[in-house]
Amino acid sequence: MKKLLLITTGGTIASSPSDEGLIPALNSQELLSILGLREEHIQLDCEDLLNLDSSNMQPEEWKLIARRIYEVYADYDGIILTHGTDTMAYTASALSFMLHNLPIPVILTGSQLPLLHPLSDGVDNIRLAFAAAQCALHGVYICFNRKLMLGTRAVKVRTMNFDAFESVNAQPIGIVDARGLHIYEKDAISLKGKCELYDDLCEDVYLMKLTPGMNPEILDVLANMNYRGIVIEAFGAGGIHFIRRDLISKLEEIVAKGISVVVCSQCLYENSDFSIYQTGQKVLRHGVIQGYDMTSEACLTKLMWALGQTADPQTVKEIFATNYVNEITLK
Ligand SMILES: NC(=O)C[C@H](N)C(=O)O
């Protein structure tokens with residue numbers, strides 16, 4: 001008999017109406033009674049860890065969740081984590097970097113419409129999460145709208161539609177069709193060693209979307225605020241302006257100060273490659289790190305995690321040149 005753990009953290013799935021709008025209210029027992037799941041063939045434990053709208057989920061909560069998973073994973077075949085959708089991709093990415101070689105699946109899910117609503121998408125999402133948590137998978141995944149996605153590749157792309165998440169630059173690793181849940185094992189996360197918790201994160205990392213005409217001095221402001229890492233969503237395949245407002249020289253100054261800078265694309269799909277254009281190549285000469293096809297959520301959390309492990313910019317570069325959980329396609 002499989003032994004599963006349901007950890008709740010809030011989100012719309014657990015929300016009910018209040019005078020101030022939807023707020024998380026339901027605990028795990030209430031969620032289960034609405035679901036009416038008849039899981040006689042599994043042994044299920046429940047834990048109410050947090051009750052937050054995911055807009056309030058921050059690195060402190062990621063650490064709490066990661067530590068709890070690390071404490072209990074050995075007792076379970078799989079863990080289901082209910083979570084708000086708005087920042088679920090950040091949490092899933094952060095957990096993916098903090099928990100190395102998790103031998104069991106940790107499946108994050110939630111819903112767009114509260115489970116209390118008769119038309120909620122939460123019922124299907126939780127059912128899929130229970131199915132996925134019983135599979136022979138390792139590591140952190142998000143399941144939503146009949147898709148199972150790598151935790152570092154899922155991005156919330158829709159505010160209202162039930163198909164709220166896409167798996168970006170990687171196929172979903174599981175889909176539900178007439179065969180039931182079908183897993184593409186070759187794309188799943190593989191175990192490379194012993195399970196370890198690395199729960200140090202640097203919160204002083206800024207994600208910036210480049211806009212035409214952006215004043216380079218904004219980077220001085222971040223340096224003066226002691227930010228240690230900056231992720232820049234640059235233009236297209238890889239470009240940053242240098243005429244009139246010379247952002248590239250400013251990046252050189254910033255990197256020379258020991259701040260780690262990662263560049264990725266503000267296009268959601270396909271990889272960035274800063275070696276294609278002059279406007280990109282100039283950036284690379286100054287020791288800026290390429291994010292290639294990583295999502296912005298994965299770039300940000302990987303940089304927070306890398307700077308939590310080391311103060312040495314060269315080691316940060318090495319971390320970004322490593323593929324941990326299929327979060328990046330390296331050449
Ligand atoms: N659908 C949701 O869960 C949205 C909610 N605001 C949250 O992220 O907690």
Discussion item. Any salt bridge linking D220 with K250? Criterion: basic side-chain nitrogen under 4.0 Å from a carboxylate oxygen.
Written reply: yes
Practice prompt. Would you confirm whether N101, through its side chain, and K192, through its main-chain N or O, come within 3.5 Å as a donor-acceptor pair?
Written response: yes
Worksheet item: Is it true that the side chains of D48 and T8 contain a donor and an acceptor less than 3.5 Å apart?
Response: yes
Practice prompt. Please examine the side chains of L219 and M208, heavy atoms only from C-beta on, and report whether any two atoms are closer than 4.5 Å.
Written response: yes
Practice prompt. Would you name the heavy atoms of S265 and C267 that are closest together and state the gap between them?
Written response: OG-N, 2.9 Å
Response to the item:
Closest non-hydrogen contact found for L137 with A188 is CD2-CB, 3.9 Å
Worksheet item: Counting distance only, does the side-chain N/O of Q309 pair as donor-acceptor with the main-chain N or O of A306 below 3.5 Å?
Response: no
Worksheet entry | Residue pair Y76 / D45, side-chain donor-acceptor N/O under 3.5 Å | yes
Worksheet item: Looking at C143 and L148, what are the two nearest heavy atoms and their distance?
Response: CB-CD1, 3.7 Å
Practice prompt. Determine the minimum heavy-atom distance between P313 and G258, stating which atoms define it.
Written response: CG-O, 3.9 Å
Worksheet entry | Ionic contact status for K147 with E166, cut-off 4.0 Å | yes
Worksheet item: Is K282 positioned over the aromatic face of F242, cation under 6.0 angstrom from the ring centre and no more than 45 degrees off axis?
Response: yes
Discussion item. Could you see if M294 belongs to whatever hydrophobic cluster contains F235? Use Ile, Leu, Val, Met, Phe, Trp, Tyr and a side-chain cutoff under 4.5 Å.
Written reply: no
Worksheet item: Would a hydrophobic clustering, with Ile, Leu, Val, Met, Phe, Trp and Tyr connected at side-chain separations under 4.5 Å, put L181 with I189?
Response: yes
Worksheet item: Is T12 reaching over with its side chain to a backbone N or O of S15, donor-acceptor style, under 3.5 angstrom?
Response: no
Discussion item. So for atom CD, which belongs to Q281, do other residues, nucleotides or ligands contribute more than 12 heavy atoms lying within a distance under 6.0 Å?
Written reply: yes
Worksheet item: For S93 and T301, which heavy atoms make the closest approach, and how far apart are they?
Response: CB-OG1, 3.1 Å
Fill in: Salt bridge present between K194 and E196 (N-O < 4.0 angstrom)
yes
Item to complete: Look only at the side chain of Q112 and the backbone of T159, and say whether a donor-acceptor pair between them is shorter than 3.5 Å.
Response: yes
Practice prompt. Heavy atoms only: give me the nearest V231-C264 pair and the separation to one decimal.
Written response: CG1-SG, 4.0 Å
Discussion item. Taking D187's backbone N and O only, do any of them form a donor-acceptor pair with Q171's side chain (distance below 3.5 Å, no angle check)?
Written reply: no
Worksheet item: Does the salt bridge (Lys or Arg N to Asp or Glu O under 4.0 Å) test come out yes or no for R153 and D293, once each step is laid out?
Response: CA-CA 10 Å; R153 293 290 192 168; D293 65 343; 3.3 Å; yes
Worksheet item: Taking the side chain as C-beta and beyond, is there a heavy-atom pair between V263 and I240 under 4.5 Å?
Response: yes
Discussion item. Let me confirm one number: the CG-CD1 distance from L81 to I69, rounded to the nearest 0.5 Å.
Written reply: 5.5 Å
Worksheet item: Are side-chain N/O atoms of H83 and T91 paired as donor and acceptor at under 3.5 Å?
Response: yes
Worksheet item: Does the gap between the ring centers of W62 and F97 come in under 6.0 Å?
Response: no
Item to complete: Mind telling me whether W305 and Y198 have parallel, tilted or perpendicular rings, with 30° and 60° as the class edges?
Response: perpendicular
Worksheet item: With a 4.0 Å cut-off, would you call K302 and E327 a salt bridge?
Response: yes
Discussion item. Using a 3.5 Å distance criterion without hydrogens, assess whether the side chain of S33 forms a donor-acceptor pair with backbone atoms of E30.
Written reply: yes
Worksheet item: Can you tell me if E233 and S296 form a side-chain donor-acceptor pair at under 3.5 Å?
Response: yes
Worksheet item: When you measure from the side chain of N56 to the backbone N and O of L52, does any donor-acceptor pair fall under 3.5 Å?
Response: no
Discussion item. I'd like to check N27 versus L31 (side-chain heavy atoms, cut-off strictly below 4.5 Å). Are they in contact?
Written reply: no
Discussion item. Could you check whether S54 and T87, counting side-chain N and O atoms only, form a donor-acceptor pair closer than 3.5 Å?
Written reply: yes
Fill in: Under 3.5 Å: donor-acceptor pair, side chain of N271, backbone of Y292
no
Item to complete: Report yes or no: do V316 and L207 belong to one cluster of Ile/Leu/Val/Met/Phe/Trp/Tyr joined by side chain heavy-atom distances under 4.5 Å?
Response: yes
Fill in: Non-hydrogen side-chain atoms of T9 and E61 separated by less than 4.5 Å
no
Worksheet item: Taking a hydrophobic cluster as the set of Ile, Leu, Val, Met, Phe, Trp and Tyr residues connected by side-chain heavy atoms closer than 4.5 Å, whether directly or through intermediates, do L49 and L5 fall within one such cluster?
Response: yes
Worksheet item: What's the spacing between K156 NZ and T85 OG1 if we round to 0.5 Å?
Response: 3.0 Å
Item to complete: Test D273 against S275 for side-chain hydrogen bond (donor to acceptor under 3.5 Å, both in side chains), laying out the working first.
Response: CA-CA 5 Å; D273 182 350; S275 66; 2.6 Å; yes
Discussion item. Between E60 and K63 (salt bridge meaning N to carboxylate O under 4.0 Å), is one present in this structure?
Written reply: no
Practice prompt. Apply side-chain contact (heavy atoms from CB on, under 4.5 Å) to L26 and L116, showing your working.
Written response: CA-CA 9 Å; L26 306 183; L116 279 173; 3.9 Å; yes
Worksheet entry | Polar contact flag, side-chain donor to acceptor under 3.5 angstrom, S111-N125 | no
Worksheet item: In terms of the angle between their ring planes, are Y70 and Y73 parallel, tilted or perpendicular, with boundaries placed at 30° and 60°?
Response: tilted
Worksheet item: Angle class for the F165/F144 ring planes (parallel below 30°, perpendicular above 60°, tilted otherwise)?
Response: tilted
Worksheet item: Is the shortest distance from a Lys or Arg side-chain nitrogen in D199 or R67 to a carboxylate oxygen in the other one below 4.0 Å?
Response: yes
Worksheet item: Is there a donor in the side chain of D53 and an acceptor in the side chain of S55, or the other way round, less than 3.5 Å apart?
Response: yes
Worksheet item: Is there a donor-acceptor contact under 3.5 Å from the side chain of T279 to the main chain of H241?
Response: no
Discussion item. Are M88 and I79 connected into the same hydrophobic cluster when the rule is that any two of I, L, V, M, F, W, Y join if their side-chain heavy atoms are below 4.5 Å apart?
Written reply: yes
Discussion item. Using modelled atom types and a 3.5 Å cut-off, is there a donor and acceptor pairing between side-chain atoms of S120 and backbone atoms of P114?
Written reply: yes
Practice prompt. Starting at CG of L113, measure out to CE of M160 and round the result to the nearest 0.5 Å.
Written response: 11.0 Å
Worksheet item: Got a salt bridge between K3 and D75, using NZ or NE/NH1/NH2 to carboxylate O under 4.0 Å?
Response: no
